[in-house]
Amino acid sequence: MSIGILTSGGDCPGLNAVIRGAVIKGDRIHQVEFLGIRDGWRGLIEDDIVPLPRRDVRGISRAGGTILGTSRTNPFENGGAQRIREVMEARGMTGLIAIGGEGTLTAARRLADEGIPVVGVPKTIDNDLSATDYTFGFDTAVSVATESIDRLRTTAESHHRCMVVEVMGRHVGWIALHAGIAAGAHAILIPEVEVSIEQICGWAEDARDRGRAPVVVVAEGFVPSGEEQLHAPRGLDAFGRPRLGGIGERLAPQIEQATGIETRSATLGHLQRGGVPSAYDRVLATRFGTAAVDAVIEKRWGTMVSLIGTDIELVDLHSATTVLKTVPQERWDEAAILFG
(Lines give C-alpha, C1' and ligand atoms only; values in the text may rest on other atoms or scores of the structure.)
Protein backbone atom coordinates (compact mmCIF):
# COMPACT_ATOMS: atom_id res chain seq x y z
CA MET A 1 0.00 0.00 0.00
CA SER A 2 1.32 3.45 -0.94
CA ILE A 3 -0.01 6.66 0.57
CA GLY A 4 0.52 10.06 -1.04
CA ILE A 5 0.93 13.11 1.16
CA LEU A 6 0.87 16.79 0.19
CA THR A 7 0.91 20.22 1.80
CA SER A 8 -1.02 22.94 0.01
CA GLY A 9 -1.95 26.59 0.43
CA GLY A 10 -0.20 28.99 2.80
CA ASP A 11 2.63 27.46 4.81
CA CYS A 12 2.65 27.45 8.60
CA PRO A 13 4.63 25.97 11.48
CA GLY A 14 3.80 22.32 12.16
CA LEU A 15 3.49 20.95 8.63
CA ASN A 16 6.66 18.92 8.95
CA ALA A 17 5.47 17.42 12.24
CA VAL A 18 2.35 16.08 10.48
CA ILE A 19 4.49 14.53 7.76
CA ARG A 20 6.84 12.96 10.31
CA GLY A 21 4.01 11.55 12.44
CA ALA A 22 2.25 10.06 9.44
CA VAL A 23 5.35 8.48 7.89
CA ILE A 24 6.70 7.00 11.13
CA LYS A 25 3.40 5.45 12.17
CA GLY A 26 2.67 4.27 8.64
CA ASP A 27 6.06 2.56 8.47
CA ARG A 28 6.20 1.15 11.99
CA ILE A 29 2.59 0.10 12.57
CA HIS A 30 1.01 -0.41 9.16
CA GLN A 31 4.05 -1.23 6.98
CA VAL A 32 2.97 1.15 4.22
CA GLU A 33 5.11 3.27 1.93
CA PHE A 34 4.74 6.99 1.41
CA LEU A 35 5.03 9.14 -1.67
CA GLY A 36 5.84 12.82 -1.20
CA ILE A 37 3.91 15.13 -3.54
CA ARG A 38 5.81 18.33 -4.25
CA ASP A 39 4.19 21.75 -4.06
CA GLY A 40 0.66 20.70 -3.19
CA TRP A 41 -1.91 19.97 -5.87
CA ARG A 42 0.57 21.07 -8.55
CA GLY A 43 2.75 18.05 -7.85
CA LEU A 44 -0.19 15.71 -8.09
CA ILE A 45 -1.40 17.21 -11.35
CA GLU A 46 2.08 17.25 -12.90
CA ASP A 47 3.22 13.93 -11.42
CA ASP A 48 6.04 15.59 -9.45
CA ILE A 49 6.21 12.87 -6.84
CA VAL A 50 9.12 11.26 -4.97
CA PRO A 51 9.48 8.37 -2.50
CA LEU A 52 9.27 9.52 1.12
CA PRO A 53 11.06 6.94 3.28
CA ARG A 54 11.24 7.15 7.04
CA ARG A 55 14.86 8.33 7.03
CA ASP A 56 13.82 11.50 5.20
CA VAL A 57 11.57 12.66 8.05
CA ARG A 58 14.05 12.29 10.90
CA GLY A 59 14.15 15.33 13.14
CA ILE A 60 11.87 17.51 11.01
CA SER A 61 9.08 18.14 13.54
CA ARG A 62 10.93 21.13 14.98
CA ALA A 63 11.48 22.71 11.54
CA GLY A 64 9.17 25.38 10.16
CA GLY A 65 7.79 25.36 6.63
CA THR A 66 7.35 22.10 4.73
CA ILE A 67 9.91 19.75 3.22
CA LEU A 68 7.45 18.98 0.43
CA GLY A 69 6.91 22.58 -0.62
CA THR A 70 3.52 24.15 -1.23
CA SER A 71 1.54 26.16 -3.78
CA ARG A 72 -1.92 27.62 -4.26
CA THR A 73 -2.68 25.57 -7.38
CA ASN A 74 -6.37 24.88 -7.94
CA PRO A 75 -6.66 21.23 -9.07
CA PHE A 76 -9.99 21.86 -10.77
CA GLU A 77 -8.39 24.32 -13.16
CA ASN A 78 -5.72 21.80 -14.12
CA GLY A 79 -7.38 18.50 -14.98
CA GLY A 80 -9.49 17.93 -11.91
CA ALA A 81 -10.39 14.55 -10.48
CA GLN A 82 -9.76 12.67 -13.72
CA ARG A 83 -6.13 13.78 -13.95
CA ILE A 84 -5.53 13.10 -10.25
CA ARG A 85 -7.04 9.64 -10.60
CA GLU A 86 -4.72 8.88 -13.53
CA VAL A 87 -1.61 9.96 -11.63
CA MET A 88 -2.59 8.06 -8.49
CA GLU A 89 -3.24 4.87 -10.44
CA ALA A 90 0.04 5.18 -12.36
CA ARG A 91 1.92 5.61 -9.08
CA GLY A 92 0.06 2.82 -7.29
CA MET A 93 -1.21 5.35 -4.77
CA THR A 94 -4.11 3.84 -2.84
CA GLY A 95 -4.85 6.82 -0.62
CA LEU A 96 -4.05 10.51 -0.22
CA ILE A 97 -3.46 12.73 2.82
CA ALA A 98 -4.07 16.41 2.02
CA ILE A 99 -2.77 18.89 4.61
CA GLY A 100 -4.14 22.39 4.25
CA GLY A 101 -6.59 25.09 5.17
CA GLU A 102 -10.01 26.07 3.90
CA GLY A 103 -9.09 26.16 0.20
CA THR A 104 -7.12 22.91 0.24
CA LEU A 105 -9.74 21.02 2.19
CA THR A 106 -12.58 22.38 0.07
CA ALA A 107 -10.75 20.97 -2.96
CA ALA A 108 -10.24 17.70 -1.09
CA ARG A 109 -13.96 17.55 -0.31
CA ARG A 110 -14.88 18.04 -3.96
CA LEU A 111 -12.37 15.39 -5.00
CA ALA A 112 -13.75 12.97 -2.42
CA ASP A 113 -17.24 13.59 -3.81
CA GLU A 114 -15.87 12.48 -7.19
CA GLY A 115 -14.41 9.28 -5.81
CA ILE A 116 -10.82 10.27 -4.99
CA PRO A 117 -9.64 8.44 -1.82
CA VAL A 118 -8.55 11.38 0.32
CA VAL A 119 -8.29 12.25 4.01
CA GLY A 120 -7.79 15.84 5.20
CA VAL A 121 -5.62 17.38 7.92
CA PRO A 122 -6.57 20.92 9.07
CA LYS A 123 -3.83 23.53 8.86
CA THR A 124 -4.21 27.29 9.22
CA ILE A 125 -2.79 29.99 11.42
CA ASP A 126 -6.20 31.68 11.30
CA ASN A 127 -7.97 28.88 13.24
CA ASP A 128 -11.02 29.43 11.03
CA LEU A 129 -11.92 25.85 10.11
CA SER A 130 -15.19 24.53 11.49
CA ALA A 131 -15.44 21.08 13.08
CA THR A 132 -12.13 21.34 14.92
CA ASP A 133 -11.45 23.24 18.11
CA TYR A 134 -7.95 24.22 17.02
CA THR A 135 -5.74 23.95 13.97
CA PHE A 136 -2.00 23.61 14.24
CA GLY A 137 -0.10 26.77 13.31
CA PHE A 138 -2.49 28.98 15.26
CA ASP A 139 -0.70 28.69 18.60
CA THR A 140 2.65 29.56 17.03
CA ALA A 141 1.20 32.55 15.17
CA VAL A 142 -0.38 33.88 18.37
CA SER A 143 2.88 33.39 20.26
CA VAL A 144 4.86 35.28 17.61
CA ALA A 145 2.28 38.08 17.52
CA THR A 146 2.19 38.33 21.31
CA GLU A 147 5.98 38.55 21.60
CA SER A 148 6.06 41.18 18.84
CA ILE A 149 3.41 43.29 20.59
CA ASP A 150 5.33 43.00 23.86
CA ARG A 151 8.45 44.29 22.14
CA LEU A 152 6.62 47.14 20.44
CA ARG A 153 5.01 48.14 23.72
CA THR A 154 8.38 48.91 25.32
CA THR A 155 9.36 51.40 22.64
CA ALA A 156 5.87 52.90 22.66
CA GLU A 157 6.05 53.46 26.41
CA SER A 158 9.51 55.01 26.15
CA HIS A 159 8.24 57.62 23.68
CA HIS A 160 4.69 57.93 25.07
CA ARG A 161 3.28 56.84 21.72
CA CYS A 162 0.27 54.88 20.56
CA MET A 163 1.18 51.72 18.65
CA VAL A 164 -1.14 50.12 16.08
CA VAL A 165 -0.14 46.51 15.39
CA GLU A 166 -1.64 44.76 12.35
CA VAL A 167 -1.86 40.97 12.39
CA MET A 168 -3.21 38.46 9.89
CA GLY A 169 -6.91 37.62 9.69
CA ARG A 170 -8.80 38.12 6.44
CA HIS A 171 -12.25 36.92 7.54
CA VAL A 172 -11.76 36.05 11.20
CA GLY A 173 -10.02 37.68 14.13
CA TRP A 174 -8.79 34.78 16.23
CA ILE A 175 -5.11 35.80 16.06
CA ALA A 176 -5.90 39.42 16.92
CA LEU A 177 -8.19 38.38 19.77
CA HIS A 178 -5.81 35.93 21.44
CA ALA A 179 -2.63 37.94 20.89
CA GLY A 180 -4.37 41.14 21.95
CA ILE A 181 -5.65 39.63 25.18
CA ALA A 182 -2.29 38.00 25.94
CA ALA A 183 -0.39 41.25 25.35
CA GLY A 184 -2.87 43.44 27.25
CA ALA A 185 -3.94 45.52 24.24
CA HIS A 186 -6.14 48.57 24.86
CA ALA A 187 -8.23 47.83 21.76
CA ILE A 188 -8.70 44.75 19.56
CA LEU A 189 -10.26 45.22 16.13
CA ILE A 190 -11.51 42.18 14.20
CA PRO A 191 -13.52 41.59 11.00
CA GLU A 192 -16.51 40.19 12.89
CA VAL A 193 -17.21 43.32 14.98
CA GLU A 194 -17.82 46.85 13.71
CA VAL A 195 -16.13 49.59 15.71
CA SER A 196 -16.12 53.31 14.91
CA ILE A 197 -13.01 55.45 14.62
CA GLU A 198 -14.42 57.56 17.44
CA GLN A 199 -14.58 54.56 19.75
CA ILE A 200 -11.02 53.50 18.88
CA CYS A 201 -9.77 57.00 19.64
CA GLY A 202 -11.75 57.02 22.88
CA TRP A 203 -10.00 53.85 24.05
CA ALA A 204 -6.62 55.33 23.12
CA GLU A 205 -7.36 58.52 25.08
CA ASP A 206 -8.52 56.53 28.11
CA ALA A 207 -5.24 54.63 28.14
CA ARG A 208 -3.21 57.81 27.74
CA ASP A 209 -5.10 59.54 30.55
CA ARG A 210 -4.09 56.68 32.84
CA GLY A 211 -0.44 57.20 31.91
CA ARG A 212 -0.26 54.27 29.49
CA ALA A 213 1.01 54.04 25.93
CA PRO A 214 -2.05 52.84 23.98
CA VAL A 215 -1.70 49.58 22.03
CA VAL A 216 -4.25 48.79 19.31
CA VAL A 217 -4.23 45.32 17.70
CA VAL A 218 -6.06 45.11 14.37
CA ALA A 219 -6.73 42.17 12.06
CA GLU A 220 -6.00 42.88 8.39
CA GLY A 221 -9.64 42.28 7.44
CA PHE A 222 -11.12 44.81 9.89
CA VAL A 223 -13.52 47.36 8.39
CA PRO A 224 -14.45 50.41 10.55
CA SER A 225 -18.16 50.96 11.09
CA GLY A 226 -19.79 53.03 8.40
CA GLU A 227 -17.54 51.58 5.71
CA GLU A 228 -18.14 48.62 3.40
CA GLN A 229 -14.88 47.95 1.58
CA LEU A 230 -11.81 46.14 2.89
CA HIS A 231 -8.60 48.14 2.84
CA ALA A 232 -6.84 46.53 -0.12
CA PRO A 233 -4.59 49.04 -1.89
CA ARG A 234 -2.66 46.34 -3.76
CA GLY A 235 -5.52 45.04 -5.91
CA LEU A 236 -6.50 41.37 -6.28
CA ASP A 237 -4.57 38.13 -5.92
CA ALA A 238 -4.57 35.11 -8.27
CA PHE A 239 -7.90 33.94 -6.84
CA GLY A 240 -9.60 37.31 -7.32
CA ARG A 241 -9.47 38.14 -3.61
CA PRO A 242 -8.38 41.58 -2.36
CA ARG A 243 -4.71 41.73 -1.34
CA LEU A 244 -5.03 42.88 2.24
CA GLY A 245 -2.53 44.72 4.35
CA GLY A 246 -2.25 48.32 5.43
CA ILE A 247 -5.29 48.91 7.64
CA GLY A 248 -2.90 49.62 10.52
CA GLU A 249 -1.07 52.24 8.47
CA ARG A 250 -4.40 53.82 7.64
CA LEU A 251 -5.67 53.92 11.24
CA ALA A 252 -2.48 55.34 12.78
CA PRO A 253 -2.70 58.87 11.32
CA GLN A 254 -6.43 59.00 12.03
CA ILE A 255 -5.81 58.21 15.69
CA GLU A 256 -2.98 60.75 15.90
CA GLN A 257 -5.05 63.51 14.29
CA ALA A 258 -8.08 62.89 16.51
CA THR A 259 -6.25 62.42 19.83
CA GLY A 260 -2.99 64.31 19.49
CA ILE A 261 -1.12 61.16 20.55
CA GLU A 262 1.94 60.45 18.41
CA THR A 263 1.05 57.16 16.71
CA ARG A 264 3.06 54.53 14.83
CA SER A 265 1.99 51.37 13.05
CA ALA A 266 3.66 47.99 12.53
CA THR A 267 2.48 45.19 10.23
CA LEU A 268 3.67 41.75 11.34
CA GLY A 269 2.73 40.04 8.08
CA HIS A 270 4.45 36.77 7.25
CA LEU A 271 6.47 36.79 10.46
CA GLN A 272 3.42 35.02 11.88
CA ARG A 273 3.77 32.16 9.39
CA GLY A 274 7.48 31.56 9.75
CA GLY A 275 9.87 30.02 12.21
CA VAL A 276 9.79 26.93 14.36
CA PRO A 277 6.45 25.63 15.67
CA SER A 278 5.54 25.91 19.34
CA ALA A 279 5.54 22.80 21.50
CA TYR A 280 1.73 22.75 21.40
CA ASP A 281 1.66 22.85 17.60
CA ARG A 282 4.30 20.11 17.32
CA VAL A 283 2.25 17.81 19.53
CA LEU A 284 -1.08 18.58 17.83
CA ALA A 285 0.40 18.23 14.34
CA THR A 286 2.01 14.91 15.24
CA ARG A 287 -1.28 13.58 16.61
CA PHE A 288 -3.07 14.72 13.45
CA GLY A 289 -0.49 12.93 11.29
CA THR A 290 -0.74 9.61 13.08
CA ALA A 291 -4.56 9.78 13.11
CA ALA A 292 -4.65 10.55 9.38
CA VAL A 293 -2.73 7.35 8.62
CA ASP A 294 -5.26 5.33 10.62
CA ALA A 295 -8.07 6.97 8.65
CA VAL A 296 -6.44 5.99 5.37
CA ILE A 297 -5.90 2.41 6.52
CA GLU A 298 -9.59 2.25 7.51
CA LYS A 299 -10.55 3.85 4.15
CA ARG A 300 -12.45 6.67 5.83
CA TRP A 301 -12.40 8.74 2.66
CA GLY A 302 -13.84 12.25 2.67
CA THR A 303 -13.07 12.80 6.34
CA MET A 304 -10.78 15.16 8.25
CA VAL A 305 -8.91 14.58 11.49
CA SER A 306 -10.14 17.00 14.13
CA LEU A 307 -9.40 18.11 17.69
CA ILE A 308 -12.54 17.91 19.84
CA GLY A 309 -11.69 18.86 23.40
CA THR A 310 -8.48 16.89 23.92
CA ASP A 311 -9.43 13.98 21.64
CA ILE A 312 -8.61 13.42 17.98
CA GLU A 313 -11.72 12.45 16.03
CA LEU A 314 -12.78 12.10 12.40
CA VAL A 315 -15.33 14.51 10.94
CA ASP A 316 -16.87 14.84 7.51
CA LEU A 317 -15.04 17.26 5.21
CA HIS A 318 -18.36 18.90 4.37
CA SER A 319 -18.91 19.95 7.98
CA ALA A 320 -15.35 21.24 8.18
CA THR A 321 -15.43 23.46 5.09
CA THR A 322 -19.00 24.70 4.70
CA VAL A 323 -18.87 27.55 7.24
CA LEU A 324 -15.93 29.55 8.56
CA LYS A 325 -15.40 29.47 12.32
CA THR A 326 -15.68 33.13 13.24
CA VAL A 327 -15.14 34.84 16.59
CA PRO A 328 -18.46 34.89 18.49
CA GLN A 329 -19.65 38.28 19.71
CA GLU A 330 -19.48 37.11 23.32
CA ARG A 331 -15.77 36.26 23.02
CA TRP A 332 -15.00 39.79 21.81
CA ASP A 333 -17.26 41.26 24.52
CA GLU A 334 -15.18 39.45 27.16
CA ALA A 335 -12.05 41.12 25.84
CA ALA A 336 -13.72 44.52 25.39
CA ILE A 337 -14.21 44.84 29.16
CA LEU A 338 -10.43 45.36 29.34
CA PHE A 339 -10.18 47.99 26.58
CA GLY A 340 -9.15 51.60 27.16
Side-chain angles (χ1 to χ4, degrees), residues 1-9 11-44 46-70 84-85 87-100 104-105 108 111-112 116-123 132 135-137 276-307 310-315 317:
M1 185 177 188
S2 293
I3 300 174
I5 187 166
L6 63 82
T7 53
S8 181
D11 68 296
C12 81
L15 289 167
N16 286 324
V18 178
I19 297 168
R20 175 179 175 272
V23 171
I24 290 178
K25 185 168 188 179
D27 173 79
R28 176 175 291 176
I29 304 300
H30 301 298
Q31 292 77 52
V32 297
E33 297 179 349
F34 277 82
L35 296 171
I37 301 165
R38 289 173 168 164
D39 299 337
W41 297 116
R42 183 203 65 78
L44 195 54
E46 299 179 8
D47 196 12
D48 189 1
I49 299 170
V50 295
L52 188 62
R54 181 172 172 178
R55 66 175 179 272
D56 287 358
V57 302
R58 291 182 298 188
I60 67 171
S61 63
R62 63 181 177 271
T66 165
I67 63 169
L68 295 176
T70 186
I84 289 176
R85 188 176 291 108
V87 174
M88 291 182 68
E89 290 177 354
R91 289 284 186 167
M93 197 183 300
T94 51
L96 173 66
I97 296 175
I99 311 168
T104 299
L105 296 181
L111 291 170
I116 300 298
V118 59
V119 170
V121 177
K123 171 273 321 174
T132 185
T135 55
F136 70 88
V276 300
S278 66
Y280 180 89
D281 278 341
R282 297 183 201 188
V283 172
L284 179 59
T286 300
R287 295 181 71 196
F288 276 166
T290 57
V293 172
D294 292 339
V296 171
I297 296 299
E298 297 168 7
K299 299 183 178 180
R300 301 287 297 276
W301 312 129
T303 62
M304 181 190 84
V305 295
S306 170
L307 180 69
T310 58
D311 298 325
I312 305 297
E313 301 181 8
L314 289 180
V315 297
L317 275 171

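Please read these numbers as outputs of a predicted model, since none were measured by experiment.
Between Val119 and Trp301, the shortest heavy-atom contact is CG2-CE3, 4.0 Å. When all heavy atoms are compared, the tightest approach of Leu6 to Leu44 is CD2-CD2, 4.3 Å. Contact record, Thr104 with Ile99: CG2-O, 4.0 Å, taken as the closest heavy-atom pair. In this structure, Thr286 and Arg282 approach most closely via the heavy-atom pair OG1-O, 2.7 Å. Residues Ile49 and Gly43 approach most closely at CG1-O, 3.9 Å, considering heavy atoms. Scanning both residues, Thr70 and Gly9, for their nearest heavy atoms gives OG1-O, 2.7 Å.
Interatomic distance, CD1 of Ile37 versus CG of Asp48, reported as 10.0 Å (0.5 Å rounding). The CG atom of Leu111 lies 6.0 Å from the CD1 atom of Ile116; values are rounded to the nearest 0.5 Å. The CD1 atom of Ile3 sits 10.0 Å away from atom CG of Leu96, with the distance rounded to the nearest 0.5 Å. With rounding to the nearest 0.5 angstrom, the CG atom of Leu68 is 7.5 Å from the CG atom of Asn16. Between the CD1 atom in Ile312 and the OG atom in Ser306 there is a gap of 7.5 Å [rounded to 0.5 Å]. Note that the OG atom of Ser61 and the CG atom of Asp281 stand 12.0 Å from one another [nearest 0.5 Å].
With Thr303 contributing its side chain and Leu317 its backbone, the two residues share no donor-acceptor pair below 3.5 Å.
Of the listed residues (Arg54, Arg20, Arg55), just one forms a salt bridge (Lys or Arg N to Asp or Glu O under 4.0 Å) with Asp27, and that residue is Arg54. Partner of Ile19 under the side-chain contact (heavy atoms from CB on, under 4.5 Å) criterion, out of Val121, Ile24, Val57: Val57 alone.
Asp294 places a side-chain heavy atom less than 4.5 Å from the side chain of His30. For the pair Pro122/Val305, a side-chain contact is recorded, criterion being any heavy-atom separation below 4.5 Å from C-beta on. No side-chain heavy atom of Pro51 sits under 4.5 Å from any side-chain heavy atom of Glu33. Between Ile97 and Val293, some side-chain heavy-atom pair lies under the 4.5 Å cut-off. Between Lys123 and Val18, the closest side-chain pair of non-hydrogen atoms is not below 4.5 Å. Here the side chains of Trp41 and Ile84 are in contact, with some heavy-atom distance below 4.5 Å.
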Next on the checklist: With side-chain contact (heavy atoms from CB on, under 4.5 Å) as the criterion, how do Ile67 and Asp56 come out once you've worked through the C-alpha distance, each side chain's angles and the decisive distance to 0.1 Å?
Outcome noted: CA-CA 9 Å; Ile67 63 169; Asp56 287 358; 5.5 Å; no
Next on the checklist: Determine whether Phe136 and Leu307 satisfy the following criterion, side-chain contact (heavy atoms from CB on, under 4.5 Å), listing intermediate values before the conclusion.
Outcome noted: CA-CA 10 Å; Phe136 70 88; Leu307 180 69; over 6 Å; no
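The neighbour count for Arg91 CZ, taken as heavy atoms of other residues, nucleotides or ligands under 6.0 Å away, is above 12. Residue Arg62 places its CZ atom among 12 or fewer non-hydrogen atoms of other residues, nucleotides or ligands, all under 6.0 Å distant.
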